[in-house]
Amino acid sequence: MSRTAVTPENLIELLESRVSASLKAMDGSGPSDEEVEQLIAAAATAPDHGRLTPYRFMKVSMEGRRRLGDLFEAVEKGRNLHASPETLEQARQKAYRGPCLLVLIGCFRSELETGIPEDEQLVTAGAALQNLLVAATAMGYASRVTSGRGARSPLFHKGLGLQENERFLCFVSLGHVALPRPAKGRPEPSSLLSEF
Ligand SMILES: Cc1cc2nc3c(=O)[nH]c(=O)nc-3n(C[C@H](O)[C@H](O)[C@H](O)COP(=O)(O)O)c2cc1C
């Protein structure tokens, strides 16, 4: 698509049409490997002070979902020694939500080393996430961002194979929904803007 084909109106319309899908309603196929690459390329246009690339994505494979399910179960057991088999199975099933499952990881470096505050690095990771969601919306995919209880536990961190300086930020599920949810009310622009 040439740059002139995108009007401000249709870009804003696209942004306004992004809405989180229900994971239960999500089915069909997710993006192909090539489309995932395009989504990551969109993510990579995030503003990035010092070009630190303070984030990365992992795509969870079918085998990865099995291991992730084991991990969810282990984390649930760690949180609740008396968890019922049903609760553990529910925890395990979270690994299978959404036809395509990505993990967003923050790879933050200290301000002392880089001169870039960690807050700014987190903003970059958030912008990368939003770029990916908007690009997925433009491709016709439904999406949902989740984190969940226990996702910040040391066990989860270790199980995902994260480095010391890395932080789990969220999952991104991508797929299709028969009926998109109506967009929730958004904040009034006037409530977000003041003058200084
Ligand atoms: C990093 C991050 C983690 C999130 N984790 C969850 C979650 O675990 N469960 C949930 O219901 N919503 C979670 N949300 C919020 C939803 O993804 C969604 O954005 C919110 O319900 C608002 O809906 P909307 O995206 O349609 O505006 C998370 C959002 C972000 C940015």
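In what follows, residues are counted from 1 in the order of the sequence shown.
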Within a strict 4.5 Å, meaning less than it, do heavy atoms of the [X] and [Y] side chains meet?
X    : Y    : answer
V145 : L104 : no
F57  : I40  : yes
M139 : L39  : yes
R92  : D70  : yes
K59  : D33  : yes

For Y55 and F168, what are the C-alpha separation, side-chain angles and deciding distance, and is it a ring-ring contact (aromatic ring centres under 6.0 Å, His included)? CA-CA 10 Å; Y55 61 90; F168 165 87; over 10 Å; no
With a 6.0 Å cut-off on the ring centroids, do F72 and F171 count as close?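 Yes, close enough.
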List in chain and number order the residues that pass salt bridge (charged side-chain N to carboxylate O under 4.0 Å, His left out) with R152, two or more places apart in sequence or in another chain; answer none if no residue qualifies.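 If we apply the salt bridge (charged side-chain N to carboxylate O under 4.0 Å, His left out) test to R152, skipping adjacent residues, there are no hits.
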With E13 via salt bridge (charged side-chain N to carboxylate O under 4.0 Å, His left out) - residues at least two apart: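 Expected list: none.
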Is there a continuous path of hydrophobic side-chain contacts, each under 4.5 Å between heavy atoms, that joins [X] to [Y]?
X    : Y    : value
L129 : L160 : no
V177 : L133 : no
V19  : L11  : no
V75  : L68  : yes
L132 : V103 : no

Shortest non-hydrogen contact between [X] and [Y], atoms and distance:
X    : Y    : result
D48  : T53  : OD2-N, 2.7 Å
A46  : A128 : CB-N, 3.6 Å
G30  : C100 : CA-CB, 4.1 Å
E76  : A91  : CB-CB, 3.9 Å
A136 : L174 : CB-CD2, 3.8 Å
S20  : R144 : CB-NH1, 3.3 Å

Is it the case that more than 12 heavy atoms not belonging to [X] sit under 6.0 Å from its [atom1] atom?
X    : atom1 : answer
E63  : CD    : yes
L179 : CG    : no
E89  : CD    : yes

Interatomic distance, [X] atom [atom1] to [Y] atom [atom2] [nearest 0.5 angstrom]:
X    : Y    : atom1 : atom2 : value
E111 : Q121 : CD    : CD    : 8.5 Å
Q93  : L23  : CD    : CG    : 13.0 Å
H49  : T124 : NE2   : OG1   : 9.5 Å
C107 : L169 : SG    : CG    : 8.5 Å
M62  : L101 : CE    : CG    : 10.5 Å
E118 : L52  : CD    : CG    : 10.5 Å

Is a side-chain N or O of [X] found less than 3.5 angstrom from the main chain of [Y], in a donor-acceptor match?
X    : Y    : result
S191 : P187 : no
R109 : T114 : no
E166 : Q163 : yes

Could you walk me through whether Y96 and R66 pass side-chain contact (heavy atoms from CB on, under 4.5 Å), step by step? CA-CA 8 Å; Y96 294 90; R66 193 190 56 71; 3.9 Å; yes
Are any of the side-chain nitrogens in R186 or E16 under 4.0 Å away from the carboxylate oxygens of its partner?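 E16 and R186: not salt-bridged.
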Where do N10 and L14 land on the side-chain contact (heavy atoms from CB on, under 4.5 Å) test, with the steps shown first? CA-CA 6 Å; N10 62 30; L14 172 69; over 6 Å; no
Checking side-chain contact (heavy atoms from CB on, under 4.5 Å) for the pair R167/L162: CA distance, chi angles, key distance, verdict? CA-CA 7 Å; R167 255 194 275 162; L162 304 189; 5.9 Å; no
Please lay out, stage by stage, how R149 and R79 fare under the test side-chain contact (heavy atoms from CB on, under 4.5 Å). CA-CA 9 Å; R149 294 176 302 166; R79 288 166 45 86; 3.3 Å; yes
